[in-house]
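Below: one structure, written as C-alpha cells.
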Amino acid sequence: MPLSPRRRWLALVSLWLLLSLAGLAQPSPTPSPRPAEPLPVSEVAFQLEETRSLLVEMKLRLRNSATESQFLREFEPQASEIERHATQALKTLSKNPSLSELRELESDWQGHQADLKGARDRLTALDGQRAAEQADLEEQSRVWSATESARASQVPERLRRDMGELRDSIARVQQQETEARGRLLISLTDLARAQSRVNNILATVRQTRDSKVERVFVRDGVPIWRVDLGSQLHPGLLGELPALVAGDQRELLAFLKENEARLCLHLLGLLLLVAGLRWAQARVAPWAIQEPALAGAVSVFSAPISTALLMTACLTPWIYPRAPVLMKVGLAALTLLPAVLVLRQLLPARFYPFLNALIVLFCLDQSRMVCAAQPVVTRLLFWCELLFACAFLSRAQARYALQARLRSICLVLNGLLLLALVANLLGYRDLSYWLGDGTVHSADLAVFLLAGVEVVSGLTLLTLRLAPLTLLASIRENRLHFRQAIFWSVQILACLAWLILTLDALAILWPVSDGLHALLERRVVLGSLSFRLGGLLGALVVLWIAGKVSRFSKSVLELDVYPHLQLAPGVDYTITTLVRYLILLVGLLFALAAVGVDTTKLTIVAGALSVGIGFGLQNIVNNFVSGLILLCERPVKVGDTIQVDQQIGVLKQVGLRAAVLRTGEGSDVIVPNGDLLSTQVTNWTLSDPLRRLNLDIGVSYQSQPRQVLDLLLATARQSPDVLENPEPSVLFVGLGESSLNFRVQVWIQHSQAYATVQSDLLMRLYEALQAANIDIPFPTRTIMVERKKG
C-alpha cells in the first residue's frame, strides 16, 4: 500500500531523529592531532641546528636542575618533621590543652600550611615547565618525522643521517623529561598527602579551640579538694618527668643542629648590637649632662647586653619558627629578663618588687609549660602561680605608696587573678587558664613593650644626633619636635600591639577583629553620597598626614633648600605656597579615594558648584584665582612695601582669598586678592629697594643762593642714611613770596624707618642753616582793623 506524502515525510523525520539519537549515544572520537607539515628543503639544515641547540639547553636544564633536587632534599625532612609534629600535636590535644597552648599550636600549623603552599606553587611551576617542554619535544618529533618521510629523496645522505640522529636525540630527551616529570608528580602526591595531614591537624586544633571557647564557663574538672592526689601523683610520675625533660632536650638539640646557620647569624647580630651600643654609650653620656631631660633615654645605653637581647628578641619568632618547648622557654627568658633589667635602669626603686614578682611568675609559668604532659602537676603549679600573684598584689596595694592609676590597675589585675584562682579551686579549669594566662601574659607584654618603648626612645635620640640627619638644618632646628612626635607614635603603636596581643592571648582576637571589620565596612548614606566608616577613618588619617607633610615641607625648603639657591626675593614664598597647596591637593584626592566617592557624584557636585559660582561665589573664586596669579606672576610679593589706596605697609602673606598688609602703625589690613590686580597698587620695592626723599626748604632773601646750595648739599652727604650712589642733589626751585625756595633730593634704602630718616635729615639741615646764620623766613601779615564811627 503506497504511503501518502504526509506519512512519507513523517517516516523520514522519524528516521532522521533515530539516527541522530544513535549518533549522540556513541562516544565522540578523540580528535587526532593535526599532522605536522614537513619543512621546506631549503630550511632543513638551518632548523637542524636550531633544534640541536634547543636539545642542548633542555639537557643542561635536566642535568643541572638544582632547583628540583634542592627542593626534593628539603621536602623529605620537612615531611618527616610534619609527621613528628603531628604526633606531638595529637598527644597535646589528648591532654586537654589550654587556650594559650591551642593558640601556639594553631600558629605553628599555620606556618606549616604556608610552607607547604609555597612548596606546592614551586612544584606546580616546575611541572608546568616540564609539560611545556614535553609538548615542544612532541611537536619537534612529529615535524622531523614528517620531514624525513617527505624529503627523503630531496636531501643529501648526510642530512638524512643527521635527521635520524636528531630524532633519536629527541626520543632520549623525551624519556628524560618523562622521568623528571614523573619524579615531580610523585613529589606532588607526597606534598598533597602532607597538606591533607596539615589541614586535618589544623582543623582539629581549631575545632578544639572553638569547643573550649564555647565551653569556657562549663565545669570541666573536679574541685581541687576532691582530687585524689594519691592516685594522680603515683610514684612513677616523678620518674616520668626526667624522661619527658630528656625528650625535650633531645628535640632541642636536634632543632639547634638543623638551624645552626640561623643560630650563628643570631649570635653575630647580637654581638654587633652589643658593640654598637657600647660605642653609643660613650657618645650619648655627655648629652644627659647638657640636657637633664634626656637622662631616661640615655640610661638605655648603660645596659648594652640587655638592650641588645631585647632588640633581637623581637625577631626570634621569625628566626626560629616552630621552635620546641625548651627553645620557647629560652626565647621567652631572652624577652622578659632583659626587659626587666632595662626597666630597672629607668624606674624608681619602689617598682623593683613588681619586676621581681614578674620574674617569679615567669619561672612558674615556664615550669608549667615544661610539665604540660602532666595535667595534675600543671594544675598545681598554676594554682601556686595564681596564689602568689594575688598575695603579692594585695600586699603591694597595702604597703607601697602607689599612684591612683597604678592602684586601679593592681586592683583590676588582682580581681581577675582571684576569679581565676576561685575557678581553679572549683574545677572550672578552662575558665581559670583563660583568665589567669591572659592576665599574666598581658602583664608580661606590658613590661616588654614598655622596655621596648624606652629602647626606641634611646635609639631615636642617638639617630637624631648623628649624620646624615645632623646635616639637615630642618632636623637640627626641630629636633625636640621630632623626638616628641616619634615618642608619641611609638607609644601609640605599643598600646595597639599590647591590645592586639592581649586579645590574641585571650583567644578572642578573631571575633573582635571580625566585629571591627564589619563595623568599618558598614556604609553610611547621606543623600546621594554613600561611603564606608573605614573609608572615612582612612580619609581623616590621610588628611592629617597631608597636613603634617605640608608643614614639614615648608621647614625643609626654608632651612635646607633655599639657603643653597640664589633666588629672587619672594620666589621662595611662592614655591613654598605652591608646594603646600600641591601636597594638600594630593592628600584631598587620596582622601576622596579612601572614602570611595564616585566620580559621577563629583560631576554633580561640580555642576552645582558652577551654578553657585555664577550666582554668589564668583567673588570668592575671583580672589582665589587672583591669589594664584599673584603667586605666579608676582607683581607684588611677600616683603614688598606697597600702597593700596591710602594704606602703606609691608605685604606679609598672600593667602587663598586675601593678602595681609602690615602698616607702619602696627595694624594688619586684609586686602582681597582681586583688589591687588584690579586696582592701582604702588609697589615701592618692585624693581629695587631704593626710595628718593624730597625736602623743600625756604631761606630769606638776604642769603646767598650758591652758599645755601653748597651748605645743603654738604649736610645731606654727611647723613649716614643717605646713599652715595645715586648722589644727593640740591635744586634752586623758585623765588617765593617771602623766601628763596630750595629742594633737597636724596636716595635712601626703603625701610620701615622712612619717617625716622626724614626727621633726622631735616634736623641736620636746620642745624646747619642755624650755624651759618641763614634765616628761615616766615610770612608776616599786618591786620588793620577799621572802626566805623557812630
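Remark: of the listed residues Leu582, Ile583, Thr576, Ile583 is the sole one forming a side-chain contact (heavy atoms from CB on, under 4.5 Å) with Val579. Each of Leu712, Leu711, Ile697 was checked for a side-chain contact (heavy atoms from CB on, under 4.5 Å) with Ile774, and the lone residue meeting it is Leu711.
Looking at Asp760 and Arg764, a side-chain N of the basic residue comes within less than 4.0 Å of a carboxylate O on the acidic one, giving a salt bridge.
Proximity of a side-chain donor or acceptor of Thr307 to a complementary backbone N or O of Pro304 within less than 3.5 Å is not detected. Here the side chain of Ser550 pairs a donor or acceptor atom with the backbone of Gly547 at under 3.5 angstrom.
Summarising the geometry of Leu651 relative to Leu661, their closest heavy-atom pair is N-CD1, 3.9 Å, with the distance given to 0.1 Å. Here the closest non-hydrogen pair linking Ala539 and Ala591 is CB-O, 3.5 Å. Taking each heavy atom of Pro728 and Val746 in turn, the nearest pair found is CB-CG1, 3.6 Å. Between Leu273 and Ala308, the closest heavy-atom pair is CB-CB, 3.8 Å. Of all heavy-atom pairs spanning Val744 and Ala716, the tightest one is CG1-CB, 4.2 Å. Across Gly698 and Asn741, no two heavy atoms sit closer than the pair CA-OD1, 4.0 Å.
Shown here is Phe732, whose CZ atom has more than 12 heavy atoms of other residues, nucleotides or ligands within 6.0 Å.
Proximity of Asp775 to Val699: side-chain heavy atoms (C-beta onward) are nowhere separated by under 4.5 Å. Between Arg551 and Arg580, some side-chain heavy-atom pair lies under the 4.5 Å cut-off. A heavy-atom distance below 4.5 Å is found between the side chains of Arg278 and Ile305. No side-chain heavy atom of Val708 sits under 4.5 Å from any side-chain heavy atom of Leu740.
Separating the OG1 atom in Thr715 from the CZ atom in Arg717 is a distance of 11.0 Å, to the nearest 0.5 Å. Leu713 contributes atom CG, which lies 10.5 Å from atom CG of Leu765 (distance to the nearest 0.5 angstrom). Note that CG of Leu450 and CD of Gln491 are 9.5 Å apart. Values are rounded to the nearest 0.5 Å. With values rounded to the nearest 0.5 angstrom, Ser738 atom OG is found 12.0 Å from Ile776 atom CD1. Rounding to the nearest 0.5 Å places CG of Leu557 at 10.0 Å from CZ of Phe552. To the nearest 0.5 angstrom, Leu762 atom CG is 10.0 Å from Asp696 atom CG.
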Please step through side-chain contact (heavy atoms from CB on, under 4.5 Å) for the pair Asp721 and Leu761, ending with a clear verdict. CA-CA 9 Å; Asp721 297 315; Leu761 186 57; over 6 Å; no
